[in-house]
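Scroll down for the structure; my scribbles are underneath it.
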Amino acid sequence: MEKVRLGIVGCGIAARTLHLPALKKLSHLFEITAVTSRTKEHAEEFAEMVGNPRVFENYEDLLDSGLVDAVDLTLPVELNLPFIEKALQRGVHVICEKPISIDVETGKRVVRLAGNSDKTVYIAESFRHVPAFWKAKELIEEGKVGEPVYMNWQIWVGMDESNEYVHTDWRRNPKHVGGFLSDGGVHHVAAMRLILGEVEWVSAIVKDLSPLLGGMDFLSSIFEFENGVVGNYTVSYSLKGNDRFEIAGTKGRMEIFWDKIVLNGKEIEVHHEDSYQKEFEDFYRVITGEKKNDLGDPLEALKDLAFIEACVRSQGSRVSVSSLL
Ligand code: NAP
């Protein structure tokens, strides 16, 4: 199997703690040949953790080096569009962390760039690789809760000073819509859409409760999927609490966890896998032509972001999600 030569661009939390451990398990598919970051010492420290890839002072030199077939972008969100564009101009495939971009308008430009290129743009959305969500979808399609009627997801992230994400400069002064609401929220929307399909409209209230977190940090919404299922999605990045993710139907209900589904009171175990590893495996198969880019499709990532932007715009009124797309 031919290895893909990968350049890591941005050596922050995601690159160090999520991508590198996954890539180490995939050394038969990827070889990290080059790295760059804003701060040279961070790139050098990261390179040491990898082995000894070439460290580049800037992105353009990395792209022009001829050492990479693909780049892995783990950057402040506002850099996604220009960095994707530069990679495609040089004929280099891209895997880029979610959210696709700072807002839907900018995201549409990413979708267009990807559509006009013969190289892959894969937006890495780890929640599209979580087995429990696929199992929930399967059980619903098998009619295990009857006709689904209602979905409720409450998420209490409870970030405080000790959380390293809180201190990243681009999150403290967010250019991305809703701050934490889109940074974290696109994950939740990806899971909800995976299980129950497209959302027609949302009505939401968003708030900035915590001075510690940049941008908005609380969102509570009611919405309707195109199939008529009614949803409630509430997330707070500052308040603590017990998460709850449930779907009720005409003949039963399920509660969804990372490693199990509780269906009508009965536990069904689901093997939880490293979703970052699965995402890189999927990316490999896409760029080697084995499968189409369904899970990393920029349009899917744009739809996730559109839900959150519709919530931010809503101020309690009903907003059609597709009107943003
Ligand atoms: P982070 O820790 O701030 O890392 C961003 C990195 O980008 C930093 O290392 C920074 O450089 C580098 N950078 C900034 N400007 C640059 C430039 N002009 N050229 C090259 N490098 C530059 O942020 P993060 O938490 O890793 O987040 C990065 C991305 O991953 C975001 O899109 C985020 O949403 C995503 N993410 C996803 C998940 C997930 O579960 N899928 C989890 C966390 C984050 P220096 O450090 O060298 O100064």
Side-chain angles (χ1 to χ4, degrees), residues 7-23 34-50 55-63 68 71-87 94-103 106-107 110 121-130 133 155 157 159 163-191 213-215 237 258 272-280 282-283 295-296 298 301 304-305 308:
I8 306 287
V9 182
C11 297
I13 307 169
R16 271 187 286 111
T17 66
L18 307 174
H19 288 207
L20 185 56
L23 286 164
V35 304
T36 188
S37 202
R38 178 181 51 192
T39 312
K40 196 175 178 205
E41 297 80 63
H42 293 172
E44 285 168 348
E45 281 163 25
F46 186 86
E48 250 179 65
M49 293 165 73
V50 172
V55 175
F56 287 89
E57 297 232 3
N58 63 61
Y59 182 48
E60 290 74 17
D61 288 351
L62 180 149
L63 286 174
V68 297
V71 284
D72 175 21
L73 306 181
T74 54
L75 292 163
V77 177
E78 68 262 26
L79 297 181
N80 288 354
L81 170 68
F83 276 56
I84 289 171
E85 186 166 26
K86 281 182 186 166
V94 179
I95 179 168
C96 172
E97 265 299 344
K98 48 47 67 181
I100 182 170
S101 57
I102 53 169
D103 56 25
T106 319
V110 175
V121 176
Y122 188 104
I123 304 298
E125 173 44 75
S126 51
F127 277 34
R128 266 192 265 285
H129 299 270
V130 172
F133 300 144
I155 303 167
V157 185
M159 288 175 158
N163 188 299
E164 56 175 342
Y165 290 126
V166 168
H167 303 286
T168 47
D169 49 8
W170 63 276
R171 288 188 179 90
R172 293 191 74 86
N173 300 296
K175 297 196 176 73
H176 48 294
V177 59
F180 278 93
L181 300 184
S182 65
D183 182 22
V186 290
H187 285 313
H188 311 140
V189 183
L213 306 183
Y237 291 87
W258 293 109
H272 186 57
E273 294 170 70
D274 178 348
S275 46
Y276 305 100
Q277 182 180 342
K278 284 168 67 92
E279 152 181 295
F280 277 107
D282 193 56
F283 176 60
L295 301 176
D304 299 337
L305 183 61
I308 299 292

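Residue indices begin at 1 and follow the sequence shown. Just so you know, these numbers use all the heavy atoms, side chains as well, and skip hydrogens, waters and symmetry mates. Being a predicted model, the structure only gives us computed values, none of them experimental. Numbering of ligands and ligand atoms starts at 1, following listing order.
Ligand 1 has an N or O atom lying under 3.5 Å from an N or O atom of Gly12, backbone or side chain. Below 3.5 Å of separation, one finds an N or O of Glu97 facing an N or O of ligand 1. Looking at ligand 1, you'll find an N or O of Ile13 within less than 3.5 Å of one of its N or O atoms. Checked against a 3.5 angstrom limit, the closest N/O atoms of Asn80 and ligand 1 fall outside it. At a 3.5 angstrom cut-off on N or O pairs, Ser37 counts as close to ligand 1.
We find that Asp183 and Arg171 are joined by a salt bridge, their nearest charged nitrogen and carboxylate oxygen being less than 4.0 Å apart.
For the pair Pro99 and ligand 1, a heavy-atom separation below 4.0 Å is found. Contact between Glu164 and ligand 1 is absent, with no heavy atom of the residue lying under 4.0 Å from the ligand. For Arg171, the heavy-atom gap to ligand 1 drops under 4.0 angstrom.
Nearest heavy atom pair, residue Ile123 against residue Ile84, reads CD1-CD1, 4.4 Å. Smallest separation of non-hydrogen atoms from Tyr59 and Ala87: OH-CB, 3.4 Å. The minimum heavy-atom distance between Ala22 and Gln277, with the atom names listed, is CB-N, 3.6 Å. Ser37 and Cys11 get closest at one heavy-atom pair: OG-N, 3.0 Å.
The protein heavy-atom contact nearest to atom 19 (N) of ligand 1 is Phe83 CZ, 3.7 Å. For atom 32 (O) of ligand 1, the closest non-hydrogen atom of the protein is Lys98 O, 3.0 Å. For atom 7 (O) of ligand 1, the nearest non-hydrogen atom of the protein is Pro76 CD, 3.4 Å. Among all non-hydrogen protein atoms, the one lying nearest atom 28 (C) of ligand 1 is Leu75 O, 3.6 Å.
Heavy atoms from other residues, nucleotides or ligands lying under 6.0 Å from CD of Glu48 number 12 at most. The neighbour count for Glu57 CD, taken as heavy atoms of other residues, nucleotides or ligands under 6.0 Å away, does not exceed 12.
Annotation for ligand 1: atoms under 4.0 Å from non-hydrogen atoms of Tyr165 are 25 (O), 42 (C), 43 (C). Taking every heavy atom of Ser126 and a limit of under 4.0 angstrom, the matching atoms of ligand 1 come to 40 (O), 41 (N). Ligand 1 places these atoms under 4.0 Å from at least one heavy atom of His42: 45 (P), 46 (O), 47 (O), 48 (O). Using a 4.0 Å cut-off to heavy atoms of Thr168, the atoms of ligand 1 that qualify are 1 (P), 2 (O), 3 (O). Within the listing of ligand 1, atoms 15 (N), 16 (C), 17 (C), 18 (N) sit less than 4.0 angstrom from a heavy atom of Leu79. Interface atoms of ligand 1 facing Asp183, defined by a heavy-atom separation under 4.0 Å, are 33 (C), 34 (O).
The parts of Thr39 lying near ligand 1 are both backbone and side chain, judged by heavy-atom distances below 4.0 Å. Of all the heavy atoms of His187, the ones lying under 4.0 Å from any atom of ligand 1 belong exclusively to the side chain. Residue-level proximity to ligand 1 for Phe180 is absent, since no heavy atom of it falls below 4.0 angstrom. Contact annotation: for Asn58 versus ligand 1, there are no heavy atoms closer than 4.0 Å. The proximity of Arg38 to ligand 1, defined as any non-hydrogen pair under 4.0 Å, involves the side chain as well as the backbone.
Side-chain N or O atoms of Ser182 include none that pairs as donor or acceptor with a backbone N or O of Gly178 at under 3.5 Å. Without hydrogens or angle criteria, Ser101 side chain to Gly107 main chain gives a donor-acceptor distance under 3.5 Å. For Glu97 (side chain) and Thr74 (main-chain N/O), no donor-acceptor pair under 3.5 Å exists by modelled atom type. At least one donor-acceptor pair closer than 3.5 Å links the side chain of Thr36 to the backbone N or O of Phe56.
Considering Trp170, Tyr276, Tyr59 only, the shortest heavy-atom separation from atom 1 (P) of ligand 1 involves Trp170. Looking at Leu62, Thr74, Leu18, Thr36 and measuring to atom 6 (C) of ligand 1, the nearest heavy atom belongs to Thr74. In the candidate list Ser182, Cys11, Ala14, Ala14 is nearest to atom 26 (O) of ligand 1, counting heavy atoms.
When only modelled atom types and interatomic distance are considered, His129 and Asp282 share no side-chain donor-acceptor pair under 3.5 Å.
In this structure, His176 and Trp170 have tilted ring planes: the angle between them lies in the 30° to 60° band. The aromatic rings of Phe127 and His187 lie parallel to each other, their planes meeting at an angle below 30°, with 60° marking the opposite boundary. Between Tyr237 and His188, the ring planes are parallel. Angles under 30° get that label, and only those over 60° would be called perpendicular.
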